[in-house]
Amino acid sequence: MKKFITKIDDMLVDSLNGFATAHADLVNLHLDPHFITRKNKSANKVAVISGGGSGHEPLHSGYIGYGMLDAACPGHVFTSPTPDQMLAAAEAVHADKGILFIVKNYAGDVMNFEMAAEMLPFEHATVLTSDDVAVTNSTYTTGRRGVAGTMIVEKCIGSLAETGASLQACKALGDKVNSRTASMGVALTSCTVPAAGRPTFDIDDNELEMGVGIHGEPGRRREAMREADVIVKDLVAAILEDLESVHLKAFDINSGETSEALLMINGFGATPLMELYLLYNLAAKLFNQHGLQISRSLVGNYTTALDMAGASITICLLDDEIKQHWDSPVHTSALRWGR
Amino acid sequence: MKKFITKIDDMLVDSLNGFATAHADLVNLHLDPHFITRKNKSANKVAVISGGGSGHEPLHSGYIGYGMLDAACPGHVFTSPTPDQMLAAAEAVHADKGILFIVKNYAGDVMNFEMAAEMLPFEHATVLTSDDVAVTNSTYTTGRRGVAGTMIVEKCIGSLAETGASLQACKALGDKVNSRTASMGVALTSCTVPAAGRPTFDIDDNELEMGVGIHGEPGRRREAMREADVIVKDLVAAILEDLESVHLKAFDINSGETSEALLMINGFGATPLMELYLLYNLAAKLFNQHGLQISRSLVGNYTTALDMAGASITICLLDDEIKQHWDSPVHTSALRWGR
Amino acid sequence: MQTDFILNAAKAIQQAIVANENALESLDRAIGDGDHYLNMKRGANAIIDIQPALATLTPDAALQQIGLKLLSTIGGASGPLLASFFMSMAKTIKENGDDSISKIAASFAAGVEAIRQRGKADLGEKTMLDVLIPVSNQFVLLAAQHCDSKLICATLIDTAEQGMLATKDLIATKGRAAGLGERAIGHIDPGAKSCQLMIVAVCKLV
Amino acid sequence: MQTDFILNAAKAIQQAIVANENALESLDRAIGDGDHYLNMKRGANAIIDIQPALATLTPDAALQQIGLKLLSTIGGASGPLLASFFMSMAKTIKENGDDSISKIAASFAAGVEAIRQRGKADLGEKTMLDVLIPVSNQFVLLAAQHCDSKLICATLIDTAEQGMLATKDLIATKGRAAGLGERAIGHIDPGAKSCQLMIVAVCKLV
Ligand SMILES: Nc1ncnc2c1ncn2[C@@H]1O[C@H](COP(=O)(O)OP(=O)(O)O)[C@@H](O)[C@H]1O
Ligand SMILES: Nc1ncnc2c1ncn2[C@@H]1O[C@H](COP(=O)(O)OP(=O)(O)O)[C@@H](O)[C@H]1O
Ligand SMILES: [Mg+2]
Ligand SMILES: [Mg+2]
Ligand SMILES: [Mg+2]
Ligand SMILES: [Mg+2]
């Protein structure tokens with residue numbers, strides 16, 4: 001393992017300090033417990049807080065700022081943060097309209113945020129994100145994981161919260177966006193958790209992991225490495241199948257109906273932009289053939305898995321409300337437009 | 001080598017098509033010869049054109065748009081583009097105020113742009129960027145390489161050009177920014193050129209390459225892997241030494257004088273944001289101690305070397321003019337603020 | 001139960017965790033995200049760090065502080081679960097006392113029940129509960145029969161090992177491994193392993 | 001010189017380049033950016049592709065088209081340099097003809113001079129010029145002495161090899177390897193190697 005680290009135990013704080021210094025115009029850093037808050041927050045809005053294990057940057061700290069998050073709680077690498085962090089963050093940013101937690105659906109994240117919520121002296125609600133179609137929902141399991149689509153949920157909720165909307169309205173929008181968002185990823189290499197010092201999983205030079213999680217959790221299946229067009233075909237098929245099952249509608253160009261959608265190609269950390277755009281090209285064509293009209297696009301590293309090579313494809317089915325909140329101005333360190 | 005590629009010979013065009021589709025609001029793609037132009041370009045401005053080998057994305061195509069480039073010419077991976085591309089791009093975007101080429105100082109890029117310039121039926125000028133302090137200038141060599149600082153030059157020139165300024169003024173600003181910009185990089189791994197299929201250089205698990213170029217060219221020296229604070233100290237020292245030699249001024253906090261500066265930590269492609277912010281933290285502290293007041297910051301993958309793990313540090317000494325043009329609105333796919 | 005015993009148990013647990021770094025790490029790498037050892041070590045070390053403060057407390061207050069400390073240091077799935085265990089055990093002891101083996105067994109059972117409620121999981125889902133539920137049931141049973149504490153501990157060590165080993169053949173339906181389906185088969189659950197290690201460490205002190 | 005000969009030379013060059021993939025690639029990986037083989041192959045193949053069109057042209061026009069084609073397909077440092085070579089050679093032949101070995105040698109020398117001017121480099125800077133300048137000088141000299149063309153070619157093959165090998169011990173002061181300082185020593189320059197290969201390929205046709 002070769003990484004830029006001074007002392008492994010200080011890595012998280014060293015990195016948080018760098019983030020806070022580089023973006024001192026946008027954020028304040030608090031340590032022990034660790035959380036990051038937004039500067040210049042409007043009074044009288046729902047306080048939107050997210051958090052999760054570190055190593056997925058820019059998620060979540062990179063999305064703090066106007067029109068998105070008010071605070072983020074970074075856990076250790078790939079380990080969900082603890083309730084004291086969320087409580088302190090809530091204390092720092094609450095503003096009479098309640099607290100909205102945005103939580104990726106992992107047992108650890110859910111339980112830690114849940115315990116924080118139980119102790120919270122403010123009105124609160126939680127939006128669970130669960131866009132990863134690799135892990136199928138079933139009554140027996142805890143359900144799908146939250147992955148790259150989380151950022152779209154954060155953007156839309158943040159936009160609505162900025163208007164002074166109620167906690168209930170913000171939660172409803174978040175749930176809606178999540179229900180219309182589907183992602184699936186593929187890994188070409190493992191990632192290496194710094195403190196572990198070696199790759200999370202072994203993978204051969206001619207293999208890929210289909211449906212990998214953003215912590216390097218194994219996915220649907222291990223397969224032989226193939227051409228990009230074949231890989232994308234499988235990812236797109238899984239996403240379409242899921243969207244169709246949820247929305248009871250065949251996405252088929254022959255149906256004559258088209259749906260508007262946002263397409264995001266998310267790099268896991270070590271995949272060059274050149275390859276991500278190549279994936280975009282393949283995915284956009286396939287979705288188009290299935291009656292999805294891609295009217296919003298995002299290509300880059302938005303929800304990473306440290307130094308993993310690989311990428312995920314995310315579709316969010318748009319409607320006028322989602323479009324409005326996606327397009328509205330946002331000013332964070334990792335996502336910015338309109339101001 | 002594992003990469004997202006359908007057919008190796010189609011990779012560049014596949015990727016360009018993805019880029020153009022994802023950013024259809026910003027750019028137009030032209031093929032044979034390949035170049036990308038800006039949509040909605042104001043008439044009556046200097047046409048700012050850059051280009052270079054592919055594999056450094058978002059450089060240059062990601063910087064096409066309002067307040068930055070009017071066109072970019074992508075070469076094959078790590079291979080400078082050819083004069084027919086620049087000629088066609090110039091033909092497409094010229095607007096009576098002349099053509100300004102921004103060229104990274106590599107023999108290949110310089111000669112190809114030079115031949116294009118000689119054939120150009122328009123008034124033109126060229127700004128050569130040469131911010132890499134790893135390769136020292138000498139009367140015998142072709143001089144320093146252009147690396148991550150190129151983007152700062154492109155931003156400032158683009159801003160000035162947008163005001164309708166003359167070709168001479170744009171060139172003068174570009175030359176000034178370049179002369180005040182210094183970078184140095186370090187690689188932890190090699191990159192792999194897709195068509196070559198194997199790493200450009202071999203490097204052991206306990207080694208790093210100090211002063212590496214953005215094509216994986218060997219740098220100042222091969223060294224044992226060390227802690228991040230020691231690595232950053234060396235990089236910062238090399239940059240300060242260079243700035244002092246050019247600007248005849250010791251950057252020393254004890255001198256009582258401080259200089260304002262932009263600090264960029266640029267990832268080469270496979271280094272997680274978490275590590276880049278850690279580097280930022282170390283570098284900002286050291287520069288501060290040497291009397292540089294970091295008032296602008298940029299952390300991320302801005303000039304990459306495909307899938308290389310590593311990063312570069314860039315300082316640009318600011319003055320009021322540079323600050324104004326750095327801060328002015330920009331709307332490209334990879335850099336956007338103020339609109 | 002004395003606070004001293006709790007402190008010794010904490011030390012024994014910390015040593016058992018650290019001594020099994022490779023096992024814990026590779027199990028979570030195989031069917032999780034590889035951080036379980038790091039999480040457990042962080043938690044165990046944090047308790048060692050606050051030993052001086054714990055030493056001044058009653059057993060229930062010490063257990064409560066341990067729970068809170070684990071809650072704010074472990075994170076992940078195991079953090080809130082183990083924290084819930086200790087906080088619930090503390091509450092039960094505070095209410096009912098710990099002056100008999102039965103009462104201690106009851107407080108242990110309350111702790112396990114808290115994990116069950118927090119994680120909404122049950123036996124056979126390939127989690128730490130596959131160790132904790134059988135151990136808890138056995139503990140309560142043997143304590144009701146007024147068995148000798150050394151014998152109880154010897155039995156619980158066996159039960160824990162069986163529960164831990166049994167997770168190997170299960171499909172996971174809770175936690176991070178739930179996404180794996182059939183691929184989880186053949187791997188012991190990391191949380192089950194660490195719970196078994198902790199139970200062995202504590203039982204050996206008796 | 002006949003256009004036919006040029007076409008055969010192009011084919012021989014393409015074969016020589018492809019046959020030396022490993023050598024060219026590893027040399028540019030060692031002291032450059034690893035793309036020299038790819039650049040040369042792309043250029044050589046492009047000329048093969050336009051052979052039918054070239055076949056209809058006079059030698060000077062064919063050389064000019066080759067230059068233009070290389071200019072728009074190779075890129076990198078070698079592209080404009082080799083293009084300048086062929087375009088300058090074409091111009092010289094067009095002006096002075098190619099009806100003697102001396103005239104051909106003069107046009108070759110003009111091509112090399114164009115590379116020198118374009119790249120602002122000279123002998124001893126560890127570039128392709130370390131092959132081309134000695135070959136050009138030797139060619140002009142031997143042609144002036146009215147040597148037999150077979151003998152000239154045999155000599156040029158030797159000269160090219162010596163120039164190529166000599167780059168091994170040089171520090172580079174031009175091109176991408178100029179940043180390397182002492183570390184460039186011990187590696188043959190890739191452009192020198194490909195020029196030597198091309199010269200050998202063409203000389204063997206005579
Ligand atoms: N819902 C649950 N109920 C009981 N135990 C669980 C549950 N979810 C996870 N676990 C346990 O937690 C362990 C993983 O802990 P850890 O690796 O520290 O956290 P994370 O899974 O968040 O990385 C699993 O091996 C399993 O025993
Ligand atoms: N200024 C120059 N003059 C002559 N030859 C040069 C010059 N610069 C580079 N070269 C030649 O070009 C070769 C490299 O070509 P190539 O790898 O195709 O381009 P690039 O260096 O742009 O990747 C070098 O080995 C050297 O022989
Ligand atoms: Mg975890
Ligand atoms: Mg090159
Ligand atoms: Mg884990
Ligand atoms: Mg090269």
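The figures here come from the full heavy-atom set of this structure, side chains too, leaving out hydrogens, waters and symmetry mates. Labels below follow one simple rule: chain letters A, B, ... track the order of the sequence lines, proteins then strands, and each chain is numbered from 1.
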Practice problem: Starting at OG of B/S15, measure out to CG of A/L273 and round the result to the nearest 0.5 Å. | Solution: 7.5 Å

Self-check item: Sidechain-backbone polar pair: A/K2 side chain, B/E207 backbone, donor-acceptor under 3.5 Å
Solution: yes

Exercise. Could you please spell out the steps behind the side chain to side chain contact (heavy atoms under 4.5 Å, CB included) verdict for B/L282 and A/T6?
Key: CA-CA 10 Å; B/L282 292 164; A/T6 303; 3.8 Å; yes

Quiz item: Between OG1 of A/T21 and NZ of B/K285, what distance do you get to the nearest 0.5 Å?
Solution: 7.5 Å

Self-check item: Neighbour count above 12 (heavy atom, 6.0 Å) for A/D202 CG
Solution: no

Quiz prompt | Option in B/V230, B/V299, B/D205 with maximal non-hydrogen atom pairs under 4.5 Å from chain A | solution = B/D205

Quiz item: Where does B/A311 contact chain A at under 4.5 Å (heavy atoms): side chain, backbone, both or neither?
Solution: both

Quiz item: Side chains of A/Y277 and B/H23: donor-acceptor distance under 3.5 Å anywhere?
Solution: yes

Quiz item: What is the minimum heavy-atom distance between A/A22 and B/S297, and which atoms define it?
Solution: O-CB, 3.5 Å

Quiz prompt | Working for side chain to side chain contact (heavy atoms under 4.5 Å, CB included), residues A/L12 and B/M274 | solution = CA-CA 8 Å; A/L12 179 59; B/M274 203 177 167; 3.9 Å; yes

Quiz prompt | Contact class of A/M308 relative to chain B, heavy atoms under 4.5 angstrom | solution = neither

Quiz item: What part of B/T304 lies closer than 4.5 angstrom to a heavy atom of chain A: side chain, backbone, both or neither?
Solution: neither

Quiz prompt | Interchain contact, B/M225 with chain A, by part (heavy-atom threshold 4.5 Å) | solution = side chain

Quiz item: Does the pair A/F4 and B/V186 meet the rule for a side chain to side chain contact (heavy atoms under 4.5 Å, CB included), with working shown?
Solution: CA-CA 10 Å; A/F4 293 117; B/V186 57; 3.7 Å; yes

Quiz item: Checking A/L279 against chain B: side chain, backbone, both or neither under 4.5 Å from a heavy atom?
Solution: side chain

Self-check item: Heavy-atom pairs under 4.5 Å with chain B, option from A/R296, A/E227, A/K7 with the top count
Solution: A/E227

Quiz item: For the atom pair CG (A/L278) and CG (B/D14), what is the distance rounded to the nearest 0.5 Å?
Solution: 5.0 Å

Quiz item: Between B/N17, B/L306, B/I5, which shows the greatest number of heavy-atom pairs under 4.5 Å with chain A?
Solution: B/I5

Quiz item: Given that the side chain runs from C-beta out, which part of A/V232 has a heavy atom under 4.5 Å from chain B: side chain, backbone, both or neither?
Solution: neither

Self-check item: B/K323 NZ: over 12 foreign heavy atoms closer than 6.0 Å
Solution: yes

Quiz item: What residue in A/E57, A/M1, A/R336 has the most heavy-atom pairs under 4.5 Å with chain B?
Solution: A/R336

Quiz item: Looking at B/D229, B/V13, B/T189, which has the largest count of heavy-atom pairs under 4.5 Å with chain A?
Solution: B/D229

Self-check item: Residue, of B/A283, B/A334, B/A309, B/P272, that accumulates the most heavy atom pairs under 4.5 Å with chain A
Solution: B/P272

Exercise. Side chain from CB out, backbone as N, CA, C, O: work out which of these in A/R339 comes under 4.5 Å of a heavy atom of chain B, or both, or neither.
Key: backbone

Practice problem: Answer with side chain, backbone, both or neither: which region of A/P58 has an atom nearer than 4.5 Å to a non-hydrogen atom of chain B? | Solution: both

Practice problem: Measure the CH2-NE2 distance between A/W337 and B/H331 for me, rounded to the nearest 0.5 Å. | Solution: 9.5 Å

Quiz item: Relative to chain B, which segment of A/N301 carries a heavy atom at a distance below 4.5 Å: side chain, backbone, both, or neither?
Solution: side chain

